[in-house]
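Read the structure below first, then the notes.
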Number of protein chains: 2
Amino acid sequence: MLPEPFDLLNEDARTPLILAKGEHVFRQGDETRGVFFVVSGAICLTRMTEAGAAVTLHNAKVGGMFAEASLYSDQYHCDAIAVAPSEVTRLSKRSIQTRQREDAAFSEGLTRRLATQVQEYRQLLTLHAVKSANERVYLAVASGRLRGSVTQLASEIGLTKEACYRALKELTDQGALKKTGRGEYALRTSF
Amino acid sequence: MLPEPFDLLNEDARTPLILAKGEHVFRQGDETRGVFFVVSGAICLTRMTEAGAAVTLHNAKVGGMFAEASLYSDQYHCDAIAVAPSEVTRLSKRSIQTRQREDAAFSEGLTRRLATQVQEYRQLLTLHAVKSANERVYLAVASGRLRGSVTQLASEIGLTKEACYRALKELTDQGALKKTGRGEYALRTSF
DNA sequence: AACCAAATATGATTGAAATCATATGTTGCC
DNA sequence: GGCAACATATGATTTCAATCATATTTGGTT
C-alpha cells in the first residue's frame with residue numbers, strides 16, 4: 001500500500017489520521033513530525049505570501065505523498081488542509097531518519113524514489129509545454145499516461161475533459177490512435 | 001559552481017565535455033556513466049515510443065542537471081542531445097555511489113536536493129494549472145519567480161512573453177503590482 | 001562610436017481551447 | 001431494481017491567450 005521504501009517502515013512509524021473536509025493536517029510554523037501518504041480524499045498545501053495571497057503549492061491525491069522536504073526542516077513551511085473527507089498516514093520523521101542512517105537499502109530506496117519523481121515531474125512539465133491539444137494528448141497516450149479515466153488524464157496534462165475527448169476523437173479519425181473500448185485508446189504503430 | 005552536494009566531489013569525479021549542436025551526450029541503451037551538469041548551452045532528452053514518435057522528456061538548461069535517475073539504472077533510457085553548442089560536466093556514477101556509501105553528509109545532501117526539487121516541480125506544476133494569465137503571473141511574482149528576465153519567467157510558467165508583459169501591465173494598472181524598473185516588478189502589499 | 005542582438009513593451013487580429021449545453025453509458029449502492 | 005453520481009461523448013458559442021506586427025531600450029561587441 002505505501003510506496004517504496006516506506007513500506008519497509010515498522011508499524012509504529014505509521015500514524016493514521018482521519019480528517020474532515022477543511023481540517024488541517026499541519027500548519028505553517030508547526031514543528032515537523034513526518035511525511036504523509038494520502039489513503040483517501042485529497043490534501044491541499046498552501047502558503048501565504050507577504051502580500052496576503054494564498055499560493056497553492058501542491059494538491060496531493062490518493063496514493064500520493066506530501067511534505068517529503070520536511071525531513072530537512074524544523075518547521076512546516078505551508079498549511080496542509082483536507083479539501084475532502086480524507087485519511088492520511090503520517091510517517092514519523094524520527095523513524096525515517098533513524099532508518100536512513102541504519103539501513104542502506106532504505107536510504108537508497110528513498111533517494112531512488114525522489115530521483116524517479118524528479119524525472120517524472122520534468123517529463124510532465126515538458127508535456128505541459130506542448131501547445132497543440134492533439135499533440136499533447138497523443139504524446140500523453142504514447143507515454144502510457146492513459147491508465148485511469150480520460151477525465152483524470154485531462155487534468156493531469158492541463159486540458160479540460162472536453163478538449164481531451166475531442167483530441168482523442170480527432171487522433172482516432174486521423175489514424176494516429178485506435179479506439180479499443182469506451183475510454184480506451186491504443187497507439188497505431190505506423191508500420 | 002556545481003549545486004550541492006556535487007560540489008563535494010573530488011576533481012577526478014568530474015569530466016568536462018564540449019558538444020557541438022546536435023551532438024549526443026549519450027544514447028538510449030548506453031551504459032550509464034554518470035549524471036550531468038549543464039555549464040553552457042542546452043541539452044534535450046528525448047525517447048522514441050514504439051510507434052516512432054519522439055517524446056521530449058526534459059530540456060536541461062544552464063545551471064541544471066539531468067539523468068540523475070541513471071544512478072539507479074544500468075542503461076540510459078533516452079537520448080541526450082545538445083540543442084546548441086554546449087559544455088556539460090559529467091559526474092561519475094561510480095564516484096557518486098562510493099561517496100554515497102562512505103559519506104553520510106553527501107548522501108543526505110543528495111536526498112535533500114532531490115526532495116527540494118520534487119517540492120519545486122510540484123509547485124511549478126500547480127502554478128501551470130492556474131488558468132488566468134493574470135493570476136498565474138501574479139502568483140509567480142508572489143513566489144519570487146521573477147529573478148531573471150520576463151521572457152524567462154514567461155517560458156517558465158507556460159505563457160508567451162507578450163501575454164506575460166500584458167499581465168504584468170494589467171496587474172500594475174490594477175494596483176496588485178508595482179513597477180520598480182524596466183522588467184522589474186514588486187508586490188503591492190494590500191495593507 | 002556604431003552596430004547588432006536581445007529584452008522590453010504594446011497594439012491588432014486570429015484561432016484554438018474553455019465554457020456551456022445536452023445525451024447516453026456505466027457503476028455502485030440503498 | 002432504481003436512483004445517484006460520474007464518465008463518456010459531442011455540438012454550439014465565447015473568450016482569452018497566441019500570433020503577428022512594430023517601436024524603443026539596453027548591453028555587448030567590434
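Order of the sequence lines sets the chain letters (A, B, ...), proteins ahead of strands, with each chain counted from 1. None of the values given here were measured: they were computed from a predicted structure.
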Notebook entry, point to check: Any side-chain donor-acceptor pair under 3.5 Å between B/Thr46 and B/Thr56?
Noted result: no
Checklist line | Between D/dA7 (P) and A/Tyr165 (OH): distance, integer Å | finding: 8 Å
Checklist line | Atom-to-atom span, CG of A/Leu168 to P of D/dA7 - whole angstrom | finding: 15 Å
Notebook entry, point to check: Please give, in whole Å, the distance from C/dA7 P to B/Arg147 CZ?
Noted result: 17 Å
Check: Taking atom C1' of D/dA7 as reference, at what distance in whole Å does atom CG of A/Leu153 sit?
Finding: 13 Å
Next item on the list: Please give the angle, rounded to 10 degrees, between the axes at the start and the end of the helix from C/dA1-D/dT30 to C/dC30-D/dG1, where five pairs define each axis.
Entry: 50°
Next item on the list: Tell me whether the OP1 or OP2 atom of D/dT8 has a side-chain N or O from A/Lys169 closer than 4.0 Å.
Entry: no
Notebook entry, point to check: Can you find a heavy atom in the side chain of B/Ile43 that is under 4.5 Å from one in the side chain of B/Phe66?
Noted result: yes
Check: Would you call B/Glu68 and A/Arg112 a salt bridge, using N to O less than 4.0 angstrom?
Finding: no
Checklist line | Short side-chain N/O contact from B/Tyr185 to OP1 or OP2 of C/dA9, under 4.0 Å | finding: yes
Next item on the list: Ignoring backbone atoms, establish whether B/Thr151 has a side-chain N or O less than 4.0 Å from OP1 or OP2 of C/dA6.
Entry: no
Next item on the list: Would you mind checking if B/Arg14 and B/Glu11 are paired as a salt bridge, meaning a charged N to carboxylate O distance below 4.0 Å?
Entry: yes
Check: What orientation do A/Phe36 and A/Phe26 show, parallel under 30°, tilted 30 to 60°, or perpendicular over 60°?
Finding: tilted
Check: What's the spacing between A/Tyr185 OH and A/Leu168 CG if we round to 0.5 Å?
Finding: 5.0 Å
Checklist line | Whole-Å distance separating the CG atom of A/Leu171 from the C1' atom of C/dA17 | finding: 15 Å
Next item on the list: Would you please test B/Glu4 and B/Arg113 for salt bridge (Lys or Arg N to Asp or Glu O under 4.0 Å) and show each step?
Entry: CA-CA 7 Å; B/Glu4 286 181 26; B/Arg113 174 177 160 85; over 6 Å; no
Margin query: Rounding to an integer number of Å, can you tell me how far A/Glu170 CD sits from D/dA9 P?
Written below: 14 Å
Item checked: Heavy-atom protein contacts under 4.0 Å, nucleotides 12-22 of chain D, coded B base, S sugar-phosphate only, - none -> B----SSBB--
Notebook entry, point to check: Is any side-chain N of the basic residue among A/Arg101 and B/Glu108 closer than 4.0 Å to the acidic one's carboxylate O?
Noted result: no
Next item on the list: Return yes if a side-chain donor-acceptor contact under 3.5 Å exists between A/Tyr76 and A/Arg27, otherwise no.
Entry: no
Check: Charged N to carboxylate O below 4.0 Å: is that the case for A/Glu184 and A/Lys179?
Finding: no
Notebook entry, point to check: What is the minimum heavy-atom distance between B/Ala54 and A/Leu139, and which atoms define it?
Noted result: O-CD2, 3.8 Å
Mind listing the N/O atom pairs, protein and nucleotides 26-30 of chain C, below 3.5 Å?
none

Notebook entry, point to check: Can you tell me how far P of D/dT8 sits from NZ of A/Lys179, to the nearest Å?
Noted result: 10 Å
